[in-house]
Amino acid sequence: MVCVNRRDLGLLALRVGTGAVLAAHGSQKLAGWFGGGGIQGTTAAMEAMGFHPPKHSAVAAGLGEAGGGALLALGLATPAAGAAAAGAMAGAVAVHAPAGFFAQGGGYEYPAFLGFTAAAIGLTGPGRYSVDHVTCHVFDRPWVVALSFAGAAVAAAAVVGKRAKGRAEQTAEEF
């Protein structure tokens, strides 16, 4: 008799829900699905938001969201998936931060929630009902957790820092 573990079932629901939202959001950026702008529209938006180079930023954001989300939903390479999605959401938080916290006013509430949720899943692990479990956690080892989150943190800091520096220079030129 197989005993259903509520914790693993809860992780499955959280992974699939969060992963699906991220994958859908990223596919808007990459493929223009669900009313998104695709690479061209996202590139233009990235440029307007101060991300340079804009096309690389569009692809990275789309892959972090769509790829990280799909992998989270599957429970495959969960630490890397969670870190990638969290890193992509750090960029979104930086864009929305000037509008304050609440999404109602254009704030960073929603991307922060997605980022923290993805990071928590990446740190917690996928649970029993996952591809990682079926593959004996080949891509869910402690060193993968450390490397994934360190890499995502460095990349997010570099991208957000470069954007902030460019925005500051642009503001200085206007005065």
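All values below come from the heavy atoms of this structure, side chains included, with hydrogens, waters and symmetry mates left out. Bear in mind the structure is a predicted one, so any value in this text is a computation, not a measurement. The residues of the chain are indexed from 1 along the displayed sequence.
- Counting heavy atoms from C-beta on, the side chains of M46 and K55 never come closer than 4.5 Å.
- Taking both residues in full, the closest heavy atoms of G75 and S130 are given as O-CB, 3.6 Å, listed atom of the first, atom of the second, then distance.
- The CD atom of E109 lies 6.0 Å from the CZ atom of F102; values are rounded to the nearest 0.5 Å.
- Counting only heavy atoms from C-beta outward, the side chains of P126 and H137 approach each other to under 4.5 Å.
- The same ILVMFWY cluster, assembled from side-chain heavy atoms under 4.5 Å apart, contains both I121 and V21.
- Using a 4.5 Å cut-off on side-chain heavy atoms (C-beta onward), E65 and L114 make no contact.
- Within 6.0 Å of NE2 on H56 lie no more than 12 heavy atoms contributed by other residues, nucleotides or ligands.
- Among residues two or more places apart in sequence or in another chain, the side-chain hydrogen bond (donor to acceptor under 3.5 Å, both in side chains) test is passed with Q28 by H25.
- Residues F139 and L71 have side chains not in contact (no heavy-atom distance under 4.5 Å, counting atoms from C-beta outward).
- Annotation for Y129 and R15: closest pair O-NH2, 3.0 Å, computed over non-hydrogen atoms.
- Rounding to the nearest 0.5 Å gives a distance of 8.5 Å between CE of M89 and NE2 of H96.
- Here the shortest heavy-atom pairing between A73 and V16 reads O-CG2, 3.6 Å.
- For F116, the CZ atom is loosely surrounded, since the number of other residues' heavy atoms within 6.0 Å does not exceed 12.
- Of all the heavy atoms in T18 and T117, the pair that sits closest is OG1-CG2, 3.3 Å.
- Minimum heavy-atom separation, P53 to K162: CD-NZ, 4.0 Å.
- Nearest heavy atom pair, residue G87 against residue A156, reads O-CB, 4.0 Å.
- Side chain of D140 to main chain of A77: no donor-acceptor pair is present (N/O by atom type, distance under 3.5 Å, no hydrogens or angles).
- The closest donor-acceptor contact from the side chain of N5 to the backbone of R128 lies at 3.5 Å or more, if one exists at all.
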